[in-house]
Colleague: 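Here you go, one structure.
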Amino acid sequence: MQFLPLLAVESIAWRLPVSDRSAIILARAMLDGDGPAVVAALADTLSSDPPLTLWSLCRAAQSGIAPRAAKNLAEWLAARVVELLASRNLSTDAAPADGSLVDRYASLVEQAVLRADWAVALASDDPSVPAEEIHLAALVHGPWAWHEAAVGDSSAGGSLPPTNLLPEIPPPIAQRLAESLARLQTAQSTGSEDERLT
C-alpha cells in the first residue's frame with residue numbers, strides 16, 4: 001500500500017493512502033505536464049479516490065485555493081503535481097500482513113463514492129446546486145474516518161486530522177448533502193433497495 005506525502009499542520013501529521021491506480025495517474029501527470037488529457041485523467045481519478053481528493057483539497061487550502069469541483073481541483077493539482085510529489089515521494093509502507101488496513105480503506109472508499117453518487121442523484125432536481133460541487137463535498141465528508149481507519153479510535157490518543165484545512169461548503173450544497181446523508185442512512189438501516197433508488 002502506498003501513502004501520499006504527509007499533510008503537516010502545526011504539530012499534526014496526517015497520512016492518507018493512495019490507490020495503485022491513482023499513483024500511476026499521478027506519475028503520468030508528473031511526466032506529461034498539465035495538458036487537457038492529464039487534467040481529464042486526474043479529474044476522473046479524483047472523482048473516485050476520496051483520500052487523494054481530500055489530500056488535494058487540503059493542500060490547495062494550504063495555498064489559499066478552494067476548488068469546488070473535481071475538474072477545478074484536477075487543474076490545480078496538474079499544475080503543481082511535480083512540486084507536491086517530486087521531493088516527497090509516495091511512501092510504500094506495507095499494510096498489515098492480514099490486510100485489515102487495506103480492507104478498512106477499501107470499505108471507506110466504497111462508502112464515500114456511494115455517498116457522493118447518492119448526493120448527486122438527490123441534487124439532480126435542483127439546478128441551483130451544481131452536481132460537481134455536491135459530489136466533491138460528499139466524497140470528502142467525514143474526513144476523520146481516514147485517520148481512524150489508520151490509527152483506530154482517535155479518542156485513544158491519536159491527534160485528529162487537520163479538518164480545518166477543508167474549504168467551507170456553501171449552504172445550498174451543505175443542505176443537500178445533509179439531506180442525502182439522512183436518506184442514505186435510512187435506506188441502509190432498513191435495507192430497502194427501493195428507498196436507495198428514489
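Not measured: the values here are computed from a predicted model.
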Colleague: Could you see if Ile169 belongs to whatever hydrophobic cluster contains Val129? Use Ile, Leu, Val, Met, Phe, Trp, Tyr and a side-chain cutoff under 4.5 Å.
Modeller: yes

Colleague: Looking at every non-hydrogen atom in both residues, tell me the closest pair between Ala131 and Val120 and how far apart they are.
Modeller: O-CG2, 3.6 Å

Colleague: Is there a side-chain contact between Pro5 and Trp55 in this structure, where contact means two heavy atoms from C-beta onward sitting under 4.5 Å apart?
Modeller: yes

Colleague: For Leu73 and Leu136, work out which heavy atoms get closest and say how close.
Modeller: CD2-CD1, 4.4 Å

Colleague: Can you name the closest pair of heavy atoms from Ser22 and Leu52 and give their distance?
Modeller: CB-CD2, 4.0 Å

Colleague: Following the transitive rule for hydrophobic clusters with a side-chain heavy-atom cut-off under 4.5 Å over Ile, Leu, Val, Met, Phe, Trp and Tyr, establish whether Leu46 and Ile24 coincide in one cluster.
Modeller: no

Colleague: Evaluate whether atom CZ of Arg80 has more than 12 neighbouring non-hydrogen atoms of other residues, nucleotides or ligands under 6.0 angstrom away.
Modeller: yes

Colleague: Give the C-alpha distance, both sets of side-chain angles, the deciding distance and a yes or no for side chain to side chain contact (heavy atoms under 4.5 Å, CB included) between Ile134 and Trp118.
Modeller: CA-CA 10 Å; Ile134 196 164; Trp118 184 269; over 6 Å; no

Colleague: Would you say Val113 and Asp117 make side-chain contact, with heavy atoms under 4.5 Å?
Modeller: yes

Colleague: Can you name the closest pair of heavy atoms from Val39 and Lys71 and give their distance?
Modeller: CG1-O, 4.3 Å

Colleague: Would you give the length of the straight line joining atom CG of Leu4 to atom CG of Leu26, rounded to the nearest 0.5 angstrom?
Modeller: 7.0 Å

Colleague: Evaluate side chain to side chain contact (heavy atoms under 4.5 Å, CB included) for Thr53 paired with Thr45, printing each intermediate quantity in order.
Modeller: CA-CA 9 Å; Thr53 304; Thr45 300; over 6 Å; no

Colleague: If only atom types and distance count, is the side chain of Arg15 paired as donor or acceptor with the main-chain N or O of Phe3 below 3.5 Å?
Modeller: no

Colleague: Just wondering, are more than 12 heavy atoms of other shown residues or ligands nearer than 6.0 Å to CD in Glu179?
Modeller: yes

Colleague: How far does CG of Leu42 sit from OG of Ser56, to the nearest 0.5 angstrom?
Modeller: 8.0 Å

Colleague: Drop me the distance from Leu77's CG to Glu83's CD, to the nearest 0.5 angstrom.
Modeller: 10.5 Å

Colleague: Rounded to the nearest 0.5 Å, how far apart are CZ of Arg59 and CG of Leu84?
Modeller: 5.0 Å

Colleague: Decide whether Val38 and Val18 are clustered together by the hydrophobic rule: side chain heavy atoms of Ile, Leu, Val, Met, Phe, Trp, Tyr closer than 4.5 Å, transitively.
Modeller: yes

Colleague: Got a second to check how far Leu57's CG is from Ile65's CD1, nearest 0.5 Å?
Modeller: 12.0 Å

Colleague: Tell me whether Ser107 contacts the main-chain N or O of Asp103 through its side chain, where contact means a donor paired with an acceptor under 3.5 Å.
Modeller: no

Colleague: Please check: side-chain N/O of Arg68 versus main-chain N/O of Glu133, any donor-acceptor pairing under 3.5 Å?
Modeller: no

Colleague: Heavy atoms only: give me the nearest Leu139-Ser47 pair and the separation to one decimal.
Modeller: CD2-O, 3.8 Å

Colleague: So does Ala66 get a backbone contact from the side chain of Trp76, meaning a donor-acceptor N/O pair under 3.5 Å?
Modeller: no

Colleague: For Pro17 and Pro51, work out which heavy atoms get closest and say how close.
Modeller: O-CB, 3.3 Å

Colleague: Nearest 0.5 Å, please: how far is CD in Gln175 from CD1 in Ile173?
Modeller: 10.5 Å

